[in-house]
Amino acid sequence: MHTFELTAPCHFGLEAVLKKEIYDLGYEITKVEDGKVTFAGDAEAVCRGNLFLRTAERLLLKVGSFHAQTYDELFEGIRALPWEVYLPKDGKFWVTKASSIKSKLFSPSDIQRIVKKAVVEKMKEYYDIEWFKETGAEYPIRIFLMKDEVLVTIDTTGDSLHKRGYRTMGGLAPLSETLAASLIKLTPWHPDRILVDPFCGSGTFPIEAAMMAANIAPGMNRDFTAQVWENLIEKKTWYEAFEEARDLVDTSAEVDIQGYDIDEQVIRLARENAKRAGVEHMIHFQRRSVSDLRHPKKYGFVITNPPYGERMEDKENLPDLYRQIGEAYRGLDAWSMYIITGYEDAERYIGRHADKKRKIYNGMLKTDFYQFMGPKPPKRKK
């Protein structure tokens, strides 16, 4: 079976989380860079990567790479690649994205135009025809230039992997599903520990945690662009990957996962999202203020994305809100708390310095992931 070089983009700073996921799936990492992890895999890896990776944004199949400082070099470099291996005669192909960082070629529209023209020329030579109907499967091309090095890929995913299929609407400042999963994986939370999100919004943190606990593959309820690439991946391979995902699901897992919000309408939305994800019975959603956060048990986790003044009119309320967070946390016995926020005075009003702090980009927003670590529970006697 043909071995591909596959690149999985992710949130900046969370490459190690994705790297571990890929290792756990059984694939060999070939390179880790800012915002992406590359690994070797066959057609089965394309299917399983799209289905099982919780923290990747998409999965790209590498066609080739080369150096280019002029449009002539870009054209010749693209034309020299083995497009006939990947694109059938009736394939529909276009350059869906071109990005350039610190490179002499910087115009996305010009890069897209030159790349499309060069691919067409190569296909003309190989198939010995002048016109391509492009009525078959779609092969979206993505081009990345970094310091004049050109990476050429085909997108196997389609809609970003954060689109699990359960969230039709978000709250005012929704956290993406992939970022939520990454942040949970940065913590030592395990399904046998309590998890509470007191600002749950549309329910992303609780739902992602419940899906992990139930072993629900994040891509189970959606489609992928490469599902119709019959020239590269047999339908049987996709069927087997989906079958593997279905066999692993265990929604009988006993968990204590809770989501609170002060907006009843948002809580209803979170319940609907959890139902679509198949985990509504695993999460307790409730209209409740953070000031009412309390729990009788020890060693739980707060993992949350509180407001941080995205709108000017909300900023004046932030000191009091973060004081309430701090007071609620101090009332919990031996708990840990993990907060992603762009509010620079978070620690000041919570009333404690975080044990660790990590820079995270939430979309284009620069945020910090504050980690307040409680004591580890005693080891259970065997």
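Excluded from the calculations below are hydrogen atoms, water molecules and symmetry mates; all remaining heavy atoms, backbone and side chain alike, are included.
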Strictly distance-based, threshold 3.5 Å: is any side-chain N or O of [X] a donor or acceptor partner for the main-chain N or O of [Y]?
| X | Y | answer |
| --- | --- | --- |
| Asp355 | Met373 | yes |
| Thr157 | Leu59 | yes |
| Thr156 | Ala226 | no |
| Arg142 | Ser99 | no |
| His11 | Thr178 | no |
| Lys122 | Leu81 | yes |
| Tyr299 | Gly374 | no |
| Ser160 | Glu57 | yes |
| Glu15 | Lys36 | no |
| Arg48 | Ala241 | no |

Using a 6.0 Å cut-off, check whether atom [atom1] of [X] has over 12 heavy atoms from anything other than its own residue.
| X | atom1 | result |
| --- | --- | --- |
| Gln371 | CD | yes |
| Asp128 | CG | no |
| Phe106 | CZ | no |
| Lys163 | NZ | no |
| Leu248 | CG | yes |
| Gln265 | CD | no |
| Lys124 | NZ | yes |
| Lys92 | NZ | no |

For [range], pull every pair meeting ring pair (Phe, Tyr, Trp, His ring centres under 6.0 Å), keeping only residues two or more places apart or in separate chains.
| range | result |
| --- | --- |
| residues 226-260 | Tyr139-Trp229, Phe224-Trp238 |
| residues 23-59 | Tyr27-Phe39 |
| residues 69-105 | none |

Below 4.5 Å, heavy atoms only, C-beta onward: do [X] and [Y] meet side chain to side chain?
| X | Y | value |
| --- | --- | --- |
| Leu332 | Leu293 | yes |
| Asn273 | Ser202 | yes |
| Asn362 | Leu179 | yes |
| Tyr322 | Asp345 | no |
| Leu87 | Tyr127 | no |

Using the side chain to side chain contact (heavy atoms under 4.5 Å, CB included) definition, which of the options Leu151, Ile101, Ile111 pairs with Leu145?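 One option only clears the test, and that one is Ile111.
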State, to 0.1 Å, how close [X] and [Y] come at their nearest heavy-atom pair, and which atoms those are.
| X | Y | value |
| --- | --- | --- |
| Asp148 | Gln69 | OD2-NE2, 3.3 Å |
| Val228 | Ala137 | O-CB, 3.6 Å |
| Pro198 | Val290 | CB-CG2, 4.0 Å |
| Ile262 | Arg287 | O-NE, 3.0 Å |
| Ala270 | Ile207 | O-CD1, 4.0 Å |
| Val85 | Asn231 | O-ND2, 4.3 Å |

Could I get the full list of salt bridge (Lys or Arg N to Asp or Glu O under 4.0 Å) partners for Asp223, not counting sequence neighbours?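 Asp223 satisfies salt bridge (Lys or Arg N to Asp or Glu O under 4.0 Å) with no other residue.
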Partners passing side chain to side chain contact (heavy atoms under 4.5 Å, CB included) against Lys102 (at least two apart in sequence or in another chain): Lys147
Pairwise distance CG(Leu74) to CG(Asp110) - rounded to 0.5 angstrom: 10.0 Å
Starting at OH of Tyr308, measure out to CD1 of Ile340 and round the result to the nearest 0.5 Å.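 Going from OH on Tyr308 over to CD1 on Ile340, the span is 6.0 Å.
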Taking atom types as modelled, find out whether [X] and [Y] have a side-chain donor-acceptor pair closer than 3.5 angstrom.
| X | Y | value |
| --- | --- | --- |
| Asp155 | Thr96 | no |
| Asp90 | Thr135 | no |
| Glu138 | Thr225 | no |

salt_bridge([X], [Y]) N-O dist < 4.0 Å:
| X | Y | answer |
| --- | --- | --- |
| Glu243 | Arg246 | yes |
| Arg79 | Glu76 | yes |
| Lys359 | Asp368 | yes |
| Lys31 | Glu5 | no |

ILVMFWY cluster membership beyond Tyr361 - transitive side-chain contacts under 4.5 angstrom: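 Traced through the cluster, Tyr361 reaches no other member.
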What do the steps show when you test Arg271 against Glu280 for salt bridge (Lys or Arg N to Asp or Glu O under 4.0 Å), and what is the final call? CA-CA 6 Å; Arg271 288 193 184 108; Glu280 74 276 17; over 6 Å; no
